[in-house]
Amino acid sequence: MEKIVIIGNGIAGVTAARHIRKLSDKEITIISAETDYFFSRTALMYVYMGHMKFEHTQPYENWFWKKNRINLIKGYVEKVNPKEQLLQLQNGQEIPYDQLILATGSKPNKFGWPGQDLKGVQGLVSKQDLDALEANAPNNKVCKRAVVVGGGLIGIELCEMLRSREIPVTFIVRESSFWNGVLPNGESQLINEHIKEHHIDLRLGMNLGEIHGDENGKVEAITIKETGEVIDCQMVGLTAGVTPNINFLKDSGIELGKGIKVNRFLETNFPNIFAIGDCAEQHEAIGNRRPIEAVWYTGRMMGETVAQTICGNKTKYNPGHWFNSAKFLDVEYQTYGWVFSERNKKEYEKHFHWRHPEEKVCITMAYHADTGKFLGLNTFGIRMRHEVFDRWLTEECSADYVLEHLKDANFDPEFYKAYENLIVAKYNTDTGSHIQTKKKSWKRILSLGA
Amino acid sequence: MNNTADRSMALTGEPPKALNLQQKLATLFGMTGMGILVLALMNINFENRALWLTLSLLAISGGIVWFSYAAYANTQPGIKNDGVMFKSISSRGFWGWIAGIALTGFYIVLYFYPQYLGLTKEGDNTGLIALFDPLSKLLSGNPASQWFVYGTLYTVAILAFGIKFLYKYRHNAYERLRTISVMFFQTAFAFLIPELMARLNGEGFSLPYYDLKNIWPLNYYNFERYRVNSFIDAGDIGLALLIFGILSIFVITPILTYKYGKRWYCSWVCGCGGLAETAGDSFRQLSDKSLFAWRVERWVVHSVVVFVTLMTTAVIYSYLGNDTSKYWLTKTTFLIGVATFLTAIFAWVMIYKREQLKKDATYGAIGYFVIIIALIGIHFFSGDGNVFLFKSEALRKTYSFLIGSIFSGVIGTGFYPIFGNRVWCRFGCPMAAILGFQQRLFSKFRITTNGGQCISCGNCSTYCEMGIDVRAYAQKGQNIVRSSCVGCGICSAVCPRGVLKLENGPAKGRINSQDVLLGNDVDLMQLVNENK
Ligand SMILES: Cc1cc2nc3c(=O)[nH]c(=O)nc-3n(C[C@H](O)[C@H](O)[C@H](O)COP(=O)(O)OP(=O)(O)OC[C@H]3O[C@@H](n4cnc5c(N)ncnc54)[C@H](O)[C@@H]3O)c2cc1C
Ligand code: SF4
Ligand code: SF4
């Protein structure tokens with residue numbers, strides 16, 4: 001029987017395994033060094049905050065793997081030998097394969113900061129990082145202050161985690177406003193304010209200069225590059241992005257860039273070796289996407305796709321409309337289609353922004369300056385219906401149409417305050433239009449009949 | 001220098017676990033209220049009972065409300081689950097077990113040894129029950145009973161912990177509204193109205209105690225002989241109540257469940273649900289999510305339905321007559337009626353809803369045949385409503401002991417801190433099972449999953465008090481249409497990615513099933529999802 005071996009038991013590898021099992025009887029083995037069973041990396045924060053136990057982050061019960069005949073091996077792959085189709089584990093064990101899927105994920109970036117390898121300096125990506133955090137910052141007596149470096153999604157999560165134990169946090173962000181390489185100004189500003197509401201010492205436009213250790217090699221302070229200010233701290237979180245986990249492939253002959261180079265079929269330069277998830281790098285970016293997309297959904301979609309190819313139905317990786325979501329402390333964020341920050345905005349991209357006068361609620365809609373075509377929407381503090389936005393993007397609806405039918409897309413819990421009328425009123429004032437919101441229609445939402 | 005560091009933060013304790021000073025004081029305050037009750041229990045005689053009772057109840061509620069204020073006042077509106085898994089009370093730690101044992105003990109005394117609470121058959125009450133006499137006399141004119149004491153404490157718990165819940169979920173309109181609703185129904189319908197109704201009773205007129213929102217089979221005793229007799233004896237009002245009791249199970253319930261799902265009852269009206277959602281809120285994460293637990297749940301809860309149906313049928317049968325000239329409803333007509341009704345439901349499900357039931361169909365079939373055979377048994381073997389060898393009275397007593405007392409009280413509530421807050425609702429409540437059956441097959445309610453947005457984090461499953469593995473559906477892009485879902489809305493509230501929405505919508509598109517989720521190639525989605 002054909003042997004499929006998958007390195008990495010994250011969302012990408014596990015989705016691939018599940019779908020291959022659905023489609024075939026092939027022998028499936030997943031090798032991973034991190035944990036015995038698949039867990040949801042996105043939920044690591046909730047374990048430290050005490051919302052969940054680690055077991056709760058495991059989406060499948062432990063019997064699932066055996067029942068579905070998916071072999072699990074805990075071990076670190078040291079070498080891949082594509083010529084002999086052989087893997088070598090750290091413990092010396094050798095594992096042959098017919099087809100190999102690399103789903104090795106990513107690790108935190110380190111930019112060569114002095115002191116970056118001191119004790120108490122860590123990233124937040126793996127289960128081991130979580131354990132380290134529990135040791136480095138168990139409470140505010142051991143860790144009197146923590147410094148988090150890098151203003152992205154993981155950085156703000158780490159701040160929230162530390163604050164849940166009332167550990168004072170200094171948050172060093174290189175950008176002049178939080179995540180404004182991605183978010184338009186209005187939204188970025190809203191999050192700046194919210195970060196401060198949570199008593200986080202936000203330092204915008206600053207860089208980490210140096211990390212200082214004590215005589216035991218443990219971190220005791222950092223210096224801010226711009227001001228030279230020294231901040232005493234017992235923990236430093238490095239959250240300035242992630243980079244693919246590919247060191248062990250250096251001499252394998254597999255073509256590498258920043259990640260593992262793949263074509264649209266997710267094939268590497270060896271036809272029986274594939275790469276999916278965080279570690280895969282497209283030769284050419286697909287649409288507005290980046291060549292490496294370190295997000296959950298991409299891993300899952302690539303897993304769904306590669307399973308088809310492996311089971312005989314060769315399928316291109318052809319993702320649909322972009323979407324994503326996150327939560328900044330108490331504010332939920334969703335995005336559908338493309339809304340770029342001022343920094344990366346296309347020349348034809350126009351924005352409409354509305355923000356609630358008191359609450360932490362706002363939206364930004366991007367549309368085409370000439371045609372009025374709807375391009376994308378960011379929402380903060382309002383949930384939207386994925387299906388409806390996906391359809392509007394496919395049908396290339398106009399911005400006017402989207403606003404007129406915005407009630408169809410609302411996904412907030414029942415009885416929540418509705419903001420559509422306020423939003424549309426602002427749009428009418430801004431653009432001189434005369435749009436009126438339409439009542440929610442199930443017929444349209446579910447495309448039932450005409 | 002741009003420095004907003006909050007240097008005044010209190011630097012003590014390990015906050016996800018520890019209580020702050022105010023919370024400690026609030027606990028102490030609430031405990032003094034409990035202390036008064038304990039002293040009364042130990043037969044310390046209070047001179048002015050009305051005053052001491054008022055003080056006690058005020059201190060208990062005040063303590064709880066103060067505690068909540070101290071916990072949430074200085075926080076931003078949002079999810080408040082920090083430290084839940086570290087606190088010993090909410091993670092089956094030491095305090096969890098202590099609370100469980102204390103509650104269980106209380107229930108055992110309440111149900112089986114009320115004399116220790118001060119219930120006196122002849123003469124005046126003593127002890128704890130006597131302390132509640134003034135309030136009882138104020139409301140109904142009668143001295144208190146152990147049930148009055150229980151009802152009062154129950155209502156106080158729902159109100160005080162309800163306020164805590166309102167505070168905790170102050171950002172969530174759905175949670176707030178439904179909590180106000182259970183607080184109202186408990187206070188008005190379960191507590192005040194029946195007590196006031198008792199005032200109407202006097203010479204020649206007597207209504208049975210009736211909590212109008214309690215529906216058969218939750219009030220399994222509603223159609224017992226003495227109650228039916230006293231309804232009938234009470235003339236028009238009594239008859240109206242009896243008819244209301246029948247309509248509520250056969251007409252009102254199906255209509256509301258069709259429109260809104262069983263949540264209209266379980267999370268908006270019901271007293272058991274009310275206590276679970278308020279006082280039990282800290283324990284919802286303790287429910288067992290395993291597939292095994294789900295299997296046990298289906299067997300146990302459906303057995304209870306079969307049991308209660310048979311028991312009620314047998315009890316009614318036992319007091320009906322044989323003579324058609326006296327009353328149209330005779331033993332035989334009644335049995336045939338029950339059998340026809342059940343057969344009609346069974347046939348309808350098998351013909352129209354088979355698809356949706358799949359494996360569960362066997363359970364349904366087994367349950368149905370057990371009942372029918374037992375009905376035939378009743379007909380041939382008894383004059384007295386025997387079900388085979390068991391007398392209907394024995395059945396009733398067993399049911400009332402095993403299900404009515406042990407399961408719903410001792411295990412259902414006593415074990416909150418061990419098995420979670422909805423053990424009774426999930427494993428034992430026949431009402432929930434019947435509503436769930438409707439919800440599954442004949443309702444507009446569903447929890448919609450938001451396309452491909454799920455990140456499998458597991459918050460929803462962890463906090464589902466009914467032990468539903470919500471994530472298992474959400475990560476497949478599948479709507480949640482489960483008979484056991486009580487529509488508490490917490491899964492939707494705790495989801496950090498806005499994936500879940502409880503809603504009532506058209507039947508088409510309610511049940512969906514997807515292998516490839518929204519966001520991937522449209523052709524691939526079509527290929528995989530249609531070739532299943
Ligand atoms: C804290 C945090 C929060 C996040 N939140 C979000 C979010 O909200 N939304 C979102 O879209 N994305 C989020 N992400 C990103 C998302 O989690 C990742 O994109 C996704 O988990 C990647 O999945 P993967 O399967 O590609 O790799 P991974 O999940 O990283 O799995 C790779 C596995 O392979 C193992 N491995 C690597 N090399 C070897 C080897 N040589 N031998 C054996 N095993 C090996 C690794 O140990 C690891 O277990 C978050 C990430 C983090 C860290
Ligand atoms: S809480 Fe939301 S994101 Fe997390 S598993 Fe449940 S549905 Fe998915
Ligand atoms: S599925 Fe959600 S709404 Fe239903 S009972 Fe569970 S947590 Fe409550």
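Each chain gets a letter, A, B and so on, in the order its sequence line appears, and its residues count up from 1.
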Q. Hey, what do you get for NE2 (A:His386) to CG (B:Leu517), rounding to the nearest 0.5 Å?
A. 9.0 Å
**Q.** Reported CG-to-CD distance for the pair B:Asn520 and A:Glu304, which is rounded to 0.5 angstrom
**A.** 5.0 Å
Q | A:Asp330 versus B:Gln76, side-chain donor and acceptor atoms under 3.5 Å | A | no
(Q) Please classify the contact of A:Arg300 with chain B as side chain, backbone, both or neither, using a heavy-atom distance under 4.5 Å. (A) side chain
Q: Check A:Phe323 against B:Leu518 and note the closest heavy-atom contact, atom names and distance.
A: CE2-O, 3.8 Å
Q. Just wondering, more than 12 heavy atoms not from A:Tyr297 lying within 6.0 Å of its OH?
A. yes
**Q.** A:Phe411, part contacting chain B, at a heavy-atom distance under 4.5 Å
**A.** both
Q | Verdict with reasoning, B:Arg176 to A:Phe415, per side-chain contact (heavy atoms from CB on, under 4.5 Å) | A | CA-CA 10 Å; B:Arg176 288 176 64 94; A:Phe415 306 114; over 6 Å; no
Q) Would you say the side chain of A:Tyr46 lies within less than 4.5 Å of the side chain of B:Pro496, judging by non-hydrogen atoms? A) yes
Q | pair B:Asp521-A:Thr305: side-chain heavy atoms closer than 4.5 Å | A | no
Q.
Can you confirm whether B:Asn450 sits close enough to A:Arg385 that some side-chain heavy atom of one is under 4.5 Å from a side-chain heavy atom of the other?
A. yes
Q: Count the heavy atoms of every other residue, nucleotide or ligand shown that sit under 6.0 Å from CH2 of B:Trp95, and state whether that count exceeds 12.
A: no
Q: With the side chain counted from C-beta on, respond yes when B:Ser456 and A:Trp296 share a heavy-atom pair under 4.5 Å apart, and no when they do not.
A: yes
Q: Would you indicate whether the side-chain heavy atoms of B:Ser492 and A:Arg383 approach each other to under 4.5 Å?
A: yes
Q.
Below 4.5 Å, heavy-atom pairs only: which of B:Cys457, B:Gly451, B:Pro77, B:Gly78 has the largest tally toward chain A?
A. B:Cys457
Q. Any side-chain heavy atom of B:Gln475 sitting closer than 4.5 Å to one from A:Tyr60?
A. yes
Q. Who among A:Ile445, A:Leu446, A:Leu23, A:Asp390 has the most heavy-atom pairs with chain B under 4.5 Å?
A. A:Asp390
(Q) If I take atom CZ from residue B:Phe86 and atom CZ from residue A:Arg165, how far apart are they, to the nearest 0.5 angstrom? (A) 4.5 Å
Q: May I ask you to name which of B:Asn172, B:Asp523, B:Leu502, B:Thr75 has the most heavy-atom pairs under 4.5 Å with chain A?
A: B:Asn172
Q. Which atoms of B:Val494 come close to chain A, meaning under 4.5 Å heavy atom to heavy atom: side chain ones, backbone ones, both, or neither?
A. neither
Q | Interchain contact, A:Lys22 with chain B, by part (heavy-atom threshold 4.5 Å) | A | side chain
Q) Are side-chain heavy atoms of B:Phe292 and A:Glu61 found at a separation under 4.5 Å? A) no
(Q) Is it true that, when you exclude B:Tyr258 itself, more than 12 heavy atoms of the residues, nucleotides or ligands shown sit nearer than 6.0 Å to its OH? (A) no
Q) Roughly how far, to the nearest 0.5 Å, is NE2 of A:His56 from CZ of B:Arg471? A) 9.0 Å
Q. Quick check: are there more than 12 heavy atoms from other residues, nucleotides or ligands sitting under 6.0 Å from NZ of A:Lys407?
A. yes
Q) Pick from B:Gly458, B:Ser91, B:Gly519: which one has the most heavy-atom pairs with chain A under 4.5 Å? A) B:Gly519
Q: Counting only heavy atoms closer than 4.5 Å, note whether A:Val169 contacts chain B via side chain, backbone, both or neither.
A: neither
Q: Using a cut-off of under 4.5 Å on heavy-atom pairs, state which of A:Asp412, A:Thr394, A:Val331, A:Ile11 scores highest against chain B.
A: A:Asp412
Q: May I ask you to name which of B:Val522, B:Ile79, B:Asn459, B:Leu524 has the most heavy-atom pairs under 4.5 Å with chain A?
A: B:Asn459
Q: Tell me, for A:Glu387 versus chain B, whether the close heavy atoms (under 4.5 Å) come from the side chain, the backbone, both or neither.
A: both
Q) Does the side-chain contact (heavy atoms from CB on, under 4.5 Å) test come out yes or no for B:Asp82 and A:His51, once each step is laid out? A) CA-CA 6 Å; B:Asp82 285 354; A:His51 295 208; 2.7 Å; yes
Q: Examine whether an atom of B:Ser90 lies under 4.5 Å from a heavy atom of chain A, and if so say whether it belongs to the side chain, the backbone or both; otherwise answer neither.
A: neither
Q) Measuring from B:His171:NE2 to A:Glu359:CD, what's the distance to the nearest 0.5 Å? A) 12.5 Å
Q: To the nearest 0.5 Å, tell me how far A:Tyr333 OH sits from B:Arg497 CZ.
A: 11.0 Å
Q.
I'd like to check B:Gln453 versus A:Gln334 (side-chain heavy atoms, cut-off strictly below 4.5 Å). Are they in contact?
A. yes
Q: Identify which part of A:Trp322 has an atom lying under 4.5 Å from any heavy atom of chain B, answering side chain, backbone, both or neither.
A: neither
Q: Applying salt bridge (Lys or Arg N to Asp or Glu O under 4.0 Å), run through A:Glu414 and B:Arg263 and close with a yes or a no.
A: CA-CA 13 Å; A:Glu414 294 151 302; B:Arg263 55 183 172 151; 2.8 Å; yes
Q | Residue selection (most heavy-atom pairs with chain B, distance under 4.5 Å) from A:Met384, A:Lys327, A:Met52, A:His198 | A | A:Met52
(Q) Please classify the contact between A:Tyr336 and chain B as side chain, backbone, both or neither, with a heavy-atom cut-off of under 4.5 Å. (A) side chain
Q | Between A:His321, A:Gln308, A:Glu197, the one whose heavy-atom pairs under 4.5 Å with chain B are most numerous | A | A:Glu197
**Q.** Atom group of A:Asn313 that falls short of 4.5 Å from chain B, counting heavy atoms
**A.** side chain
